[in-house]
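Below is one structure, written out as structure tokens; comments come after it.
In what follows, residues are counted from 1 in the order of the sequence shown.
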Amino acid sequence: MQFCTECGSMMHTEGDRWVCRSCEHEEPRDSRAEAAMAIRDGQRNDGAPDVADATQGSAETMQEPCPADDCDSDRAHYQMMPKPGGSYEVRLFICVECGHRWRES
């Protein structure tokens, strides 16, 4: 997981770059640093928390472009979740076309 050095938001990958959805700041990817990122035992490695499954049955969608490289969809199911110990929320998304999952802080 990479966080933006400009605004602190979570970034996503686009090819060989990390891109911030909030402020559009870009940083180059570092394969050695990414290889050192660890997944804890018992966690899924699909980039989305388990609670995102609840959004798929929802009829509510919003216009949000899917970040998957092979998908052109601009609609996603979504859910707002309070961030533990924080005063702001995390948005959880599932693409209506390909099922790709992602989140934004």
Side-chain angles (χ1 to χ4, degrees):
M1 190 177 320
Q2 179 80 8
F3 292 94
C4 180
T5 57
E6 299 293 317
C7 71
S9 295
M10 189 168 53
M11 300 177 85
H12 69 278
T13 58
E14 286 185 8
D16 63 346
R17 316 257 330 135
W18 285 101
V19 180
C20 178
R21 286 189 190 271
S22 297
C23 71
E24 300 299 319
H25 174 73
E26 295 186 14
E27 296 177 11
R29 290 179 69 177
D30 180 350
S31 59
R32 282 187 287 174
E34 289 178 33
M37 293 179 187
I39 301 295
R40 292 184 188 162
D41 290 340
Q43 285 185 329
R44 293 182 357 200
N45 189 14
D46 64 359
D50 292 336
V51 293
D53 293 336
T55 66
Q56 199 156 13
S58 169
E60 293 186 59
T61 63
M62 68 182 296
Q63 186 171 359
E64 181 70 26
C66 179
D69 291 335
D70 58 346
C71 183
D72 294 326
S73 176
D74 68 343
R75 301 291 307 169
H77 297 283
Y78 71 98
Q79 181 177 1
M80 300 295 284
M81 300 281 305
K83 199 163 194 175
S87 59
Y88 55 94
E89 297 181 324
V90 174
R91 294 190 303 172
L92 306 172
F93 298 98
I94 298 177
C95 176
V96 298
E97 295 292 324
C98 72
H100 181 78
R101 299 169 186 208
W102 71 101
R103 62 181 163 194
E104 287 183 353
S105 300

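We find the SG-CH2 distance between Cys95 and Trp102 to be 5.5 Å, quoted to the nearest 0.5 Å. If you take OG1 on Thr61 and OH on Tyr78, they are separated by 8.0 Å, rounding to the nearest 0.5 Å. With rounding to the nearest 0.5 Å, the separation of NE2 in His77 from CZ in Arg101 is 11.0 Å.
Each salt bridge (Lys or Arg N to Asp or Glu O under 4.0 Å) pair with one or both residues in residues 71-81, not counting sequence neighbours, would appear here, but there are none. Residue pairs meeting the salt bridge (Lys or Arg N to Asp or Glu O under 4.0 Å) criterion with at least one member in residues 19-30, sequence neighbours excluded: Arg17-Glu26, Arg21-Glu64, Arg21-Glu104, Arg29-Glu34.
Here the shortest heavy-atom pairing between Phe93 and Ala76 reads CD2-CB, 4.0 Å.
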| field | Verdict with supporting geometry, Asp70 and Cys98, side-chain contact (heavy atoms from CB on, under 4.5 Å) | value | CA-CA 9 Å; Asp70 58 346; Cys98 72; 5.5 Å; no
